[in-house]
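Reckoned from all heavy atoms, side chains included, excluding hydrogens, waters and symmetry mates. Index from 1, following the sequence.
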Amino acid sequence: MLQNRRVGILGAGNMGEALIRGLLHGHVCKPEQIICSDTRPERLQSIRETYGVNGTSHNPDVVKQSEILILSVKPQTMREVIGEVANDLDLSKLIISIAAGVPLNAIEACAKKELRLIRVMPNICVSVQEGVSAIARGRHTGQDDLMIAKTIFDSVGKSLFIEENLLDAVTGLSGSGPAYVFLMIDALADGGVKMGLPRNDALVLASQTLLGAARMLIETGEHPGRLKDMVTSPGGTTIAGLHALEQGGVRSTLINAVEAATQRSKTLGEIIKNLLKD
């Protein structure tokens with residue numbers, strides 16, 4: 001779907017680099033199809049040398065040479081960046097924004113024109129090509145545009161389509177979720193250490209257990225409750241552990257964590273929108 005199309009990435013930070021790596025490793029693009037920009041000369045040099053892509057410090061050059069443009073910039077700089085390239089933006093280009101908290105209508109307002117926009121919320125796990133990304137369409141995008149976005153973000157994990165008004169909930173669940181999982185792994189490893197396991201062994205056991213459980217859930221398609229029951233024998237060790245988790249309120253605590261992060265995402269989004277208006 002991206003054959004011979006030029007992909008421009010404004011911002012070659014961690015997310016930008018992850019997308020470059022995924023597009024190349026997944027054979028979605030060739031190096032010569034990708035051009036990126038960054039304000040740091042040393043960063044551009046590193047990206048060019050590592051991946052063989054084109055790089056520049058001049059954002060308008062990226063826009064002029066691209067058919068598909070990915071906005072991988074900090075939310076608070078979106079107004080400045082769009083203002084810099086607005087003259088070269090039009091409905092002929094597919095523009096994909098991964099700037100957290102920046103709604104599509106705010107980008108159009110900054111550009112002062114209608115645009116073919118898609119907004120995506122990926123998570124940090126795209127850096128190891130195991131991310132999950134939620135894709136929300138803009139009012140001028142078609143099915144082909146959505147499939148282009150899916151092709152790009154499937155190269156760094158999995159993706160799904162969602163309405164833009166649900167992206168705060170996505171942020172609260174999968175955007176912030178890796179931190180919840182890291183905390184759980186750390187706690188499980190602490191439990192292993194308390195019971196006499198060496199720290200490194202406990203970390204391997206805990207992290208691989210979460211990885212294996214997640215893969216089992218995805219590949220079997222079973223409900224998590226069903227898989228839980230498969231591990232839980234009457235009067236056995238697992239039910240004793242599950243009872244302790246329920247006593248500690250782990251289920252409601254995780255639900256509360258998603259809710260709190262979602263509400264914070266909404267608050268930060270309002271702050272960003274107000275900044276872009278000024």
Subject >> Residues, nucleotides or ligands: over 12 heavy atoms within 6.0 Å of Ile124 CD1 >> reply: no
Subject >> Partner of Arg116 under side chain to side chain donor-acceptor pair (under 3.5 Å), chosen from Thr141, Asp145, Asp90 >> reply: Asp145
**OP:** Would you name the heavy atoms of Glu163 and Ala136 that are closest together and state the gap between them?
**Re:** C-CB, 4.2 Å
Original post:
Hey, does the side chain of Lys150 reach the backbone of Phe161 with a donor-acceptor pair shorter than 3.5 angstrom?
Top reply: no
**OP:** Going by the side chain to side chain contact (heavy atoms under 4.5 Å, CB included) test, name the single residue among Leu115, Leu89, Ile35, Ile9 that passes it with Leu69.
**Re:** Leu89
Original post:
Would you say Glu67's side chain and Arg6's backbone share a donor-acceptor pair under 3.5 angstrom?
Top reply: yes
Original post:
Okay, side chain of Asn274, backbone of Glu270: is any donor-acceptor separation there less than 3.5 Å?
Top reply: yes
Subject >> Side-chain donor or acceptor of Lys93 paired with backbone N/O of Val63 under 3.5 Å >> reply: yes
**OP:** Find the distance between CG (Leu94) and CD1 (Ile118) and round it off to the nearest 0.5 Å.
**Re:** 5.0 Å
**OP:** Group every Ile, Leu, Val, Met, Phe, Trp and Tyr by side-chain heavy-atom contacts under 4.5 Å, then state whether Met78 and Leu10 land in the same group.
**Re:** yes
Subject >> Reported CD1-to-OG1 distance for the pair Ile20 and Thr50, which is rounded to 0.5 angstrom >> reply: 9.5 Å
**OP:** Over all heavy atoms of both residues, which pair between Ala12 and Arg43 is shortest? Give the atoms and the distance, please.
**Re:** O-NE, 2.6 Å
Original post:
Are Glu259 and Thr262 close enough, and set up right, to give a side chain to side chain contact (heavy atoms under 4.5 Å, CB included), and what steps lead you there?
Top reply: CA-CA 5 Å; Glu259 182 179 11; Thr262 299; 5.7 Å; no
Subject >> Backbone of Leu205 reached by a side-chain donor or acceptor of Thr209 within 3.5 Å >> reply: yes
Original post:
CD/Gln65 to CD1/Ile34 distance, rounded to the nearest 0.5 angstrom?
Top reply: 13.0 Å
Original post:
When you look at CG of Asn14, are more than 12 heavy atoms from neighbouring residues, nucleotides or ligands closer to it than 6.0 Å?
Top reply: no
Original post:
Could you walk me through whether Leu71 and Val102 pass the side chain to side chain contact (heavy atoms under 4.5 Å, CB included) check?
Top reply: CA-CA 11 Å; Leu71 303 177; Val102 181; over 6 Å; no
Original post:
Would a hydrophobic clustering, with Ile, Leu, Val, Met, Phe, Trp and Tyr connected at side-chain separations under 4.5 Å, put Val132 with Met15?
Top reply: no
Original post:
What pair of heavy atoms forms the shortest contact from Gly172 to Tyr180, and how long is it?
Top reply: O-OH, 2.9 Å
**OP:** For residues Pro234 and Ile239, determine if any side-chain heavy atom of one lies less than 4.5 Å from a side-chain heavy atom of the other.
**Re:** no
**OP:** Using the side chain to side chain contact (heavy atoms under 4.5 Å, CB included) rule, take Thr151 and Asp154 through it: C-alpha gap first, then chi angles, then the decisive distance, then the call.
**Re:** CA-CA 5 Å; Thr151 297; Asp154 280 352; 6.0 Å; no
Subject >> Taking every non-hydrogen atom, the tightest pair across Gly138 and Leu104 >> reply: CA-CD1, 3.6 Å
**OP:** Decide whether Ser174 and Asn123 meet the rule of one side-chain donor and one side-chain acceptor closer than 3.5 Å.
**Re:** no
Subject >> Atom NZ of Lys74 with >12 non-hydrogen neighbours under 6.0 angstrom >> reply: no
Subject >> Sidechain-backbone polar pair: Gln33 side chain, Leu2 backbone, donor-acceptor under 3.5 Å >> reply: yes
**OP:** Enter the distance from Arg226:CZ to His223:NE2 here, rounded to the nearest 0.5 Å.
**Re:** 12.0 Å
**OP:** Begin with the C-alpha distance, continue with both residues' side-chain angles, and end with the deciding distance and a verdict on salt bridge (Lys or Arg N to Asp or Glu O under 4.0 Å) for Arg21 and Glu17.
**Re:** CA-CA 6 Å; Arg21 186 189 307 115; Glu17 182 179 7; 3.8 Å; yes
Original post:
Is there a chain of hydrophobic side chains (I, L, V, M, F, W, Y, each step under 4.5 Å between heavy atoms) that links Leu160 to Val126?
Top reply: no
**OP:** Give the C-alpha distance, both sets of side-chain angles, the deciding distance and a yes or no for side chain to side chain contact (heavy atoms under 4.5 Å, CB included) between Ile70 and Val120.
**Re:** CA-CA 10 Å; Ile70 299 174; Val120 181; over 6 Å; no
**OP:** Establish whether Leu23 and Met147 are linked, either directly or via other cluster members, by ILVMFWY side-chain heavy-atom contacts under 4.5 Å.
**Re:** yes
Subject >> Considering all heavy atoms, the nearest Gly11-Asp38 contact >> reply: C-OD1, 4.0 Å
Subject >> Heavy-atom check, side chain of Thr171 versus side chain of Leu268, under 4.5 Å >> reply: no
Original post:
If every non-hydrogen atom of Leu44 is compared with every non-hydrogen atom of Cys36, which pair is closest and at what distance?
Top reply: CD2-O, 4.0 Å
**OP:** For residues Arg119 and Ile107, determine if any side-chain heavy atom of one lies less than 4.5 Å from a side-chain heavy atom of the other.
**Re:** no
Subject >> CG-OG distance between Asp186 and Ser207, expressed to the nearest 0.5 angstrom >> reply: 11.0 Å
**OP:** Kindly indicate whether the side chain of Glu84, heavy atoms from C-beta on, has any atom under 4.5 Å from the side chain of Pro60.
**Re:** yes
**OP:** Check the surroundings of atom CD in Glu80: do more than 12 heavy atoms from other residues, nucleotides or ligands lie under 6.0 Å from it?
**Re:** no
Subject >> Gap between atom CE of Met121 and atom OG of Ser159 - 0.5 Å precision >> reply: 14.0 Å
Subject >> Beyond-backbone contact of Leu188 with Leu210, side-chain heavy atoms, under 4.5 angstrom >> reply: yes
**OP:** Is it possible for you to say whether Val53 and Val156 belong to one hydrophobic cluster, with membership spreading through side-chain heavy-atom contacts below 4.5 Å?
**Re:** yes
